Each structure stands twice: as C-alpha cells, then as structure tokens.
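Both ligands and their constituent atoms are indexed starting at 1 by order of listing. A quick note: this is a predicted structure, and the numbers were derived from the prediction, not measured.
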Amino acid sequence: MKKKTHKTSSDLKAVEAVKPESPGTGSPALQQSHEGDKIKARYSNPAYFRENVEQYLTNILHTDLKTADTSQLYKAISQVINKELGEMRLEYNKERKSVQLSTDKTKKIYYICMEFLMGQSLKNNLYNLGQTETVKGLLKELNIEPEALYDEEPDAGLGNGGLGRLAACFMDALTTQGYDATGYSLCYEYGLFRQKIVDGWQVEFPDNWLPGGRVWLNPREDDTFTVSFYGEYHEYWEDGKLKYSLQHPQTVEAVPYDIFITGSETTAVNKLRLWSARNSASFDMNAFNNGDFTNAARNTNSAEMITKVLYPADNIPEGKELRLKQQYFMVSASCQNIVRDQLHLYGTLDNFHKKTAIHINDTHPALVIPELMRIFMDDYDMGWDKAWHIVSNTVSYTNHTVLAEALEKWNTALVQSMMPRIYSIIQEIDRRFRIEAFRKFPGDTGKTDYMSILGDQQVRMANLSVIGSHKVNGVSQLHSQILKDDVFHDYYLADPDKFTNVTNGIAFRRWLCQSNPALASLIDECIGSEYRLDSSQLEKFAAFRSDKYVLDKVDKIKRDNKVRLSNYINRTMGFAPDPDSVFIVQAKRMHEYKRQLLNALRIISRYQMILENPGVDMRPETYIFGAKAAPTYYHAKFIILLLNKLAQEINNNPAVSDKLKVVFLENYSVSTAEKLMPAADVSEQISLAGKEASGTGNMKMMINGAITIGTLDGANVEIRQAVGPENIFIFGQTAEEVYRNLRSGYNSRAVYERDPVLKQAVDRLEIGFSGTEFSNIKDYLLNPTYSIADPYMCLMDFKDYCRAHDDLSAAYEDRDRWNFMSVVNTAYAERFSADRSIKDYAEKIWHSQPVLK
Ligand SMILES: *Cc1c(COP(=O)(O)O)cnc(C)c1O
C-alpha cells in the first residue's frame with residue numbers, strides 16, 4: 001500500500017458499538033434507529049416545523065409567514081426538510097457503517113448512471129417522511145393549496161426518459177428497503193431541454209432548473225476530487241516492471257453536490273452525489289503569468305463546460321468529444337471517492353469486492369473498469385491479476401438497448417488522446433481477453449475479433465462492459481433472452497452464468513400512492529395498506545374485480561382523474577377534451593422504433609372513416625401524446641410536426657371534432673407524467689417487437705388501471721402473463737416474426753397495395769394536414785431511399801393494430817367488464833414494483849442485504 005489511511009475516530013467508535021453477529025443468523029440488518037425516529041418526531045410537531053420555516057423565512061429570505069409568496073414558502077419548507085434529512089443522515093451514517101463492519105452479508109451499493117430523472121422532490125419527501133399532514137396544516141392556515149406549493153418546484157430533469165427515471169425509482173426502492181446505497185451522476189447546470197411547439201415544430205429551450213432546484217443540493221466543497229485529461233504519456237521499463245509517466249495533463253476539479261434520498265417508513269437516508277466540474281489550480285498558470293488572460297480564461301470555460309448540459313440524445317448515437325469527457329469525469333471522480341471511502345472504513349482494499357458492488361447502468365459509465373484498474377495498480381501498487389480479480393468481481397452491468405446504432409463506440413484516437421493511461425489499460429484488457437477467447441474458441445479468429453474490445457479503430461463499450469463485469473442483465477424476460485440469443489451470444493456461450501434478467505419496476509409510492517391518491521385509498525379500503533411497502537400484497541386487490549361497489553368506484557376515480565387532466569389541458573392549451581371520451585395515451589420519447597407513426601396512421605384512418613360516415617355512432621376518442629425528440633433527430637421531429645398538424649386539422653374540423661380529438665402535450669416530463677398516468681384509459685405500447693428493452697411507462701399506466709394495447713415487446717410480454725390474454729390487447733408480429741420477415745425481404749409497398757384503408761391513410765400524407773404536406777414520410781414508408789422502406793414495419797402491423805383497437809372499443813362499452821379489466825391490471829402490476837427489481841438485483845447480482853430493517 002502506498003497510500004496510508006487512518007480510521008477516523010467515529011469509525012472506531014462505530015466498531016466498538018456493534019457486537020458482531022454470530023454467523024448463520026439470518027439478516028444482519030439493524031432495527032430502525034431510535035435517533036432517526038426522534039428527529040422525525042421532532043419535525044412532525046407542527047409548532048417545531050413552523051418555527052423552523054419562520055426562521056428560514058426571516059433569516060435567509062427576509063420575509064415572514066404572512067407576506068411570503070408561494071415560491072418563497074416552497075423554498076423555506078424544502079430547506080427545513082433538507083435540514084431534517086441532514087440530521088437523519090448523520091445518525092444513519094453511524095448505523096450503516098457499524099453494520100458494514102460487523103458482517104460480510106452487506107455491501108455498499110454504488111449505482112452509477114449518467115442520468116437520474118428525479119422530477120420533483122418535496123411532495124415525495126413529505127410522503128416518505130409521513131409529514132404531509134404537518135405541512136398541509138400550515139398551508140391551510142395560509143390558504144395555499146398543497147399542489148400549488150409542490151408545483152413551485154422545477155423538475156430535476158437530469159435524464160432523457162426511461163433509463164434516467166429507472167435510476168430515480170431505484171434510489172427510492174434502495175432507500176425504502178434499507179440498503180446502503182449511493183448514486184453517482186453529474187450535476188448538469190441545464191437538464192433535458194424544455195420543449196415548446198411552435199406552429200407544430202419542436203423548439204428547444206434551456207432547462208434552467210437550478211434556481212428552484214438548488215434547495216435540495218448540499219454542496220461538499222471539502223470533498224473535492226481531481227480528474228486528469230490528456231497529457232503526454234510514456235511507457236518505459238524499470239526494474240523489470242512496466243512504468244509510465246504522464247506529463248502536463250489538464251486537471252479538472254470534481255465538486256460534489258449531494259441530494260438526500262428518502263425512503264418510505266424508514267430512517268435510512270441515502271444520497272445521490274452529483275459531480276460538478278470546476279477549473280482547478282492547474283488552470284493555466286503559465287498563460288496567466290505571461291499575461292495571456294484570454295487563453296487562461298478559455299481553459300476555465302472548457303473545464304466548466306463538462307457539466308454544463310445533459311446530452312438530449314436518447315437511444316441515438318452521440319459521438320461527441322465532450323460527451324466522452326463527461327463520462328470519464330463522472331467515472332473518475334466516483335471511483336476515487338469509492339476507493340477512498342473503502343479505505344477509510346476498512347483500511348484495506350483486499351476485501352473491496354466483498355464489501356462493494358458497483359453497478360453501471362448502461363455502458364455510459366463503462367470506464368469504471370479501466371479506471372478502477374488504474375487506481376488499484378498506479379496508486380496502490382496492486383498487481384494486474386489481483387486488481388482484475390477485484391474489479392471484475394465488483395462491477396455489474398445492465399444493458400438497456402439492442403438497437404445497433406445505440407451501442408456505444410468511441411474512436412480509439414480520441415480515447416487515447418483524452419485519457420492515455422486508460423487507453424493503455426484498455427489495450428491490455430483487450431490483449432488478455434483475446435488470448436482467453438482464442439482458448440475458448442480455438443482457431444476462430446473471426447469470433448475473437450468480433451468479441452474483443454478494440455476493433456475497426458473503435459472502443460466498443462458494450463464489449464468492455466461485458467468483459468469487465470461479473471453479471472450482465474437485460475431489463476425484461478424477452479430482452480434478456482435476446483441478449484443471450486443475439487447481441488451477446490458468444491459471451492453467453494463462453495460464460496452462460498454471467499447473464500441474467502431483472503425486469504424493470506417503478507416506484508409505487510410515486511406512481512400510484514402520490515399521483516393517484518383516490519385509487520390508493522380505495523385499495524387501502526379493500527386490502528389494507530401493506531402493499532405500499534410490500535408490493536406483492538397488491539395482488540389481493542384482484543379479489544375485488546367483480547365487486548360492483550369497487551367497480552363503480554374505480555369508474556368514478558378514473559373519470560375524476562380525466563376531468564382533472566382535461567382541466568389541465570384547458571389551462572395549458574385552451575381546450576378541454578371530453579372526459580366521457582376514451583383517453584388513449586402514448587407518452588414516451590419520440591423514436592422510430594416506438595412507432596408513434598403507426599398510431600398517427602390509424603388516427604388518419606379514423607379521421608377518414610368519420611368524414612365518409614358523418615353519422616357514425618361511436619364513442620368519442622381522445623388521443624393524447626407526450627414526446628420529446630432529440631434535437632438532431634430530424635425524422636422524429638417530423639413525426640411531432642405530423643401529430644401537431646393532424647391535431648390542428650382534426651380539432652378545428654367541426655365535422656369530426658366532437659368524435660375525435662388529438663392532444664400533443666408540450667414538454668413531457670416526470671411531473672406531467674404524474675398528471676397523465678392516472679387519467680389514461682388506454683395505454684399505447686406499440687413498439688416493433690424486439691426493440692423496446694422493457695418500457696416503464698407501460699407499468700405506470702397499468703398500475704393506474706389503464707388497459708394496454710401493445711405488441712409482444714419488452715415488459716408487455718410479462719404484463720400479458722400477469723393479467724392473462726383476455727385483459728390486454730395484443731397485436732402484430734412477434735420478435736421472431738419480425739426477424740424472419742426482415743430476413744426474407746420486407747416489402748412495405750406490397751402491404752400498402754393490398755390494404756385500401758392503409759393505402760388511403762398513407763396517401764393522405766401527400767396532401768397533408770392544416771396546410772403542411774408530409775410526402776417525405778410517405779416516401780420513408782414506401783421507398784427504399786433509406787436502407788429499407790418502413791424499417792420499423794408500421795405498415796406490416798397496421799391491420800392487426802386496427803383489429804385490436806376495434807376489440808378494445810367494444811370492450812370499453814361494457815363498463816363492468818372494462819372496470820373488471822382495470823382492477824385486474826392494477827392488482828397484477830404487483831410484480832412491476834421497483835422494490836421487487838431491487839430485491840432481484842440484491843439477490844442475484846450484488847449479493848447484499850439491507851443494513852436497516
Ligand atoms: C416513465 C417515463 C419515461 C419512459 O417511458 P417509456 O414508455 O417506458 O418509454 C419517459 N419519460 C418520462 C418523463 C417518464 O416518466
């Protein structure tokens with residue numbers, strides 16, 4: 001060991017405070033702490049809480065309870081909660097460390113992800129702490145609606161969509177269940193862009209979340225780390241050892257900002273640590289001293305650019321240098337921090353993999369593998385074999401996509417110049433892997449080349465992730481199977497035990513209890529409230545699927561939620577959809593594979609049908625979309641234009657507008673999703689089979705009682721297993737059929753020619769809507785100007801999609817049957833809890849138990 005570390009006195013106290021468990025006795029978890037409960041009790045006292053709020057208002061904002069506006073009250077109340085969490089965290093720190101030192105059954109779990117789509121925090125924290133009523137009491141006196149206060153908070157939109165939201169739900173689940181966990185990410189100054197629709201076209205505006213979001217950020221300037229980039233790198237031999245030197249690297253300081261993470265009914269407080277980039281002392285002093293202020297200042301700018309903005313590309317390639325810099329910046333700061341904490345607690349790295357689990361969410365943090373190798377070997381003198389053993393038994397990896405274009409690859413020259421030492425380590429990992437692979441597949445150089453990390457002048461991040469991890473998982477049964485059969489097939493043959501599945505889940509507290517309190521109360525009334533913490537209990541609600549009282553209640557709750565959403569749409573867009581129409585919702589990122597275009601084509605055919613049959617007897621339909629497109633994803637932006645122009649024409653055509661409405665909700669985000677999900681009758685999950693890894697929007701709508709119309713893709717497959725085929729509307733090709741049809745040469749034009757309804761809808765694109773024509777989209781569907789016409793097979797699945805919608809419309813008219821289906825869907829959403837996902841990860845992958853009961 002080169003670096004010597006000392007246990008701090010509080011660590012030593014912690015050791016003494018705990019009697020080691022006798023081996024073999026079940027869970028090592030401590031009971032919830034009395035100290036944490038005392039803190040909660042203190043803040044739950046209305047007088048104490050009020051006093052703290054008043055103090056903040058007077059001392060910091062120079063106002064008082066009577067004169068403060070809603071925004072100031074939001075700040076004051078949030079600050080008081082943050083202070084309470086800080087006090088609880090201090091107690092929790094002592095407890096978790098003492099448990100960690102006393103047993104080998106628990107590990108510290110680090111969840112590393114470029115994105116955490118947290119949304120708003122105040123309402124969630126109050127719910128988790130059980131202090132909603134305390135605050136409601138105070139607000140009542142001041143005549144302020146709680147929702148108005150909550151909506152003062154900007155979303156922390158530090159993510160693009162499903163991936164980042166999953167990470168956020170997982171932090172909630174980890175904490176609720178008492179795991180010792182830390183999340184690592186970047187403190188983007190600007191989160192995912194704010195979307196405005198201007199004459200139908202998406203326009204992006206900066207998301208300036210920090211003024212309002214800062215209340216939850218706890219700066220820790222004292223805990224800063226330094227990250228090095230570039231520099232002149234040389235390797236040489238000395239005393240029979242390969243040494244290296246790195247001169248004149250650019251260094252950047254990583255300053256942590258911690259967000260406290262609450263769980264429900266627990267005294268555990270974990271944290272999400274966000275790194276912010278700051279120019280370091282090595283800020284070009286030479287240039288500065290020589291009077292070259294401009295150049296010195298330029299350097300400063302470039303350091304701080306690293307955490308300036310979240311990349312808004314979701315599942316599309318983004319090969320930008322700054323993006324790679326963000327990745328290494330996050331990885332290096334996090335790894336240094338993790339190693340430092342391990343040494344503080346244990347004084348050794350020998351047990352690192354026994355006490356630490358590092359999870360990389362997608363390949364974006366894959367550089368943890370070479371970075372940990374670097375730290376172990378260069379800073380702590382560890383040999384390669386031992387370092388590799390520890391690293392590869394510590395790291396695990398979740399794959400999130402099978403889209404070939406979304407599998408990350410970086411140009412080797414870029415990696416080599418930006419992080420020469422890391423590149424050299426990757427080369428050595430690659431060299432050793434090739435030898436091993438060649439032994440497994442003798443003579444098969446093709447296979448070895450294909451599986452290795454370096455090739456075609458690229459670093460293949462997915463291969464690095466698989467090679468450096470002890471477990472790899474997909475996020476639904478189908479997706480994990482495709483990883484084994486296809487994407488990672490050769491690795492699977494070489495090491496089948498490495499591959500496993502953990503189906504995604506969502507935070508029930510946020511997506512059911514908080515966003516749909518009426519439905520949650522009804523469930524409480526039927527089966528008690530245990531399901532809030534033990535998701536498997538929710539299944540019991542299925543027993544009420546034929547109970548007329550419950551069905552009528554479910555019907556009324558849905559209608560009330562639809563009225564609420566309709567009012568929101570009226571406030572923001574100036575028209576109110578009819579709450580007695582069917583609310584058909586497709587809300588997710590805009591992407592070809594998700595096939596919003598298929599939905600649009602069917603809406604066009606509905607429009608044409610009504611124009612031809614003006615007197616048709618039908619229940620009115622409201623199609624609601626929410627979707628952001630990556631700013632550089634031109635095709636996706638055109639689909640947004642199509643939806644908006646279609647909406648404009650249909651909503652303003654009196655011949656159809658009482659039967660058909662199309663709503664494009666601007667700026668789809670976590671807080672709009674919370675308003676939308678409880679009001680959905682129908683959940684559109686219509687991706688081309690084999691392309692959606694899991695989906696979580698499907699789970700959010702399911703638990704809120706919406707019925708799914710979908711393909712056999714991602715977690716839809718498991719939704720069908722859960723509710724039975726009679727309580728979901730499945731259509732279209734299976735993943736295998738897609739594969740076969742593509743291989744035998746898919747001809748979209750033939751499909752178009754033989755279906756007159758489809759042909760008429762596609763042809764209408766040429767005329768367009770509200771004065772905008774879309775012949776480019778017709779071209780995309782029919783002409784192989786792209787690699788293949790209609791690459792996501794919208795035309796192929798159109799007819800069966802229409803058939804499924806017809807079945808669904810008929811089912812909707814039998815209100816008892818529909819509400820029966822709704823109850824079944826809510827009840828069997830039981831298995832899609834993030835709590836269940838986290839238990840699976842802990843058992844199958846991290847091999848860790850909670851530190852608190
Ligand atoms: C849940 C969620 C998503 C993911 O939706 P999918 O339908 O699974 O793609 C995306 N964005 C937001 C804001 C979400 O809350």
Next item on the list: Considering the heavy atoms of Thr696, write down every atom of ligand 1 situated less than 4.0 Å from one of them.
Entry: 1 (C), 4 (C), 8 (O)
Check: Looking at Gly162, which atoms of ligand 1 are within less than 4.0 Å of one of its heavy atoms?
Finding: 3 (C), 4 (C), 10 (C)
Note to self: Return the closest protein heavy atom for atom 6 (P) of ligand 1 as residue, atom name and distance.
What the structure shows: Gly697 N, 3.7 Å
Notebook entry, point to check: Got a second to check how far Tyr397's OH is from Met461's CE, nearest 0.5 Å?
Noted result: 10.0 Å
Note to self: With heavy-atom distances below 4.0 Å as the criterion, list the atoms of ligand 1 near Lys594.
What the structure shows: 9 (O)
Check: Less than 4.5 Å apart, any side-chain heavy atom of Asp797 and any of Gln733?
Finding: yes
Note to self: Can you see whether Gln477 engages Gln721 through a side-chain donor-acceptor pair at a distance of less than 3.5 angstrom?
What the structure shows: yes
Check: Of the backbone atoms (N, CA, C, O) and the side-chain heavy atoms from C-beta on, which set of Ser669 has a member under 4.0 Å from an atom of ligand 1: side chain, backbone, both, or neither?
Finding: backbone
Checklist line | Numbered atoms and elements of ligand 1 in range of Gly161, under 4.0 angstrom, heavy atoms | finding: 10 (C), 11 (N)
Next item on the list: Would you please say whether a donor-acceptor pair under 3.5 Å links the side chains of Gln685 and Lys588?
Entry: yes
Check: For atom 12 (C) of ligand 1, what's the nearest protein heavy atom and its distance?
Finding: Tyr668 CE2, 3.7 Å
Check: Has Arg589 got any heavy atom lying under 4.0 angstrom from an atom of ligand 1?
Finding: no
Check: Is the number of heavy atoms from other residues, nucleotides or ligands within 6.0 Å of CD (Glu736) greater than 12?
Finding: no
Item checked: atom 14 (C) of ligand 1: nearest protein contact (heavy atom, Å) -> Lys700 NZ, 2.9 Å
Next item on the list: Could you list the atoms of ligand 1 found under 4.0 angstrom from a heavy atom of Gly695?
Entry: 8 (O)
Next item on the list: Enumerate the atoms of ligand 1 whose separation from the nearest heavy atom of Trp511 is less than 4.0 angstrom.
Entry: 15 (O)
Check: When you check the side-chain N and O atoms of Thr500 and Asn473, is any donor under 3.5 Å from an acceptor?
Finding: no
Note to self: For Tyr568, does the six-membered ring have the charged nitrogen or CZ of Lys675 within the cation-pi criterion, i.e. under 6.0 angstrom from the centroid and within 45° of the normal?
What the structure shows: yes
Item checked: Aromatic Phe193 / basic Lys628 pairing, under 6.0 angstrom, 45° off normal -> yes
Next item on the list: Would you mind listing which atoms of ligand 1 come within a distance below 4.0 Å of any non-hydrogen atom of Lys588?
Entry: 6 (P), 7 (O), 9 (O)
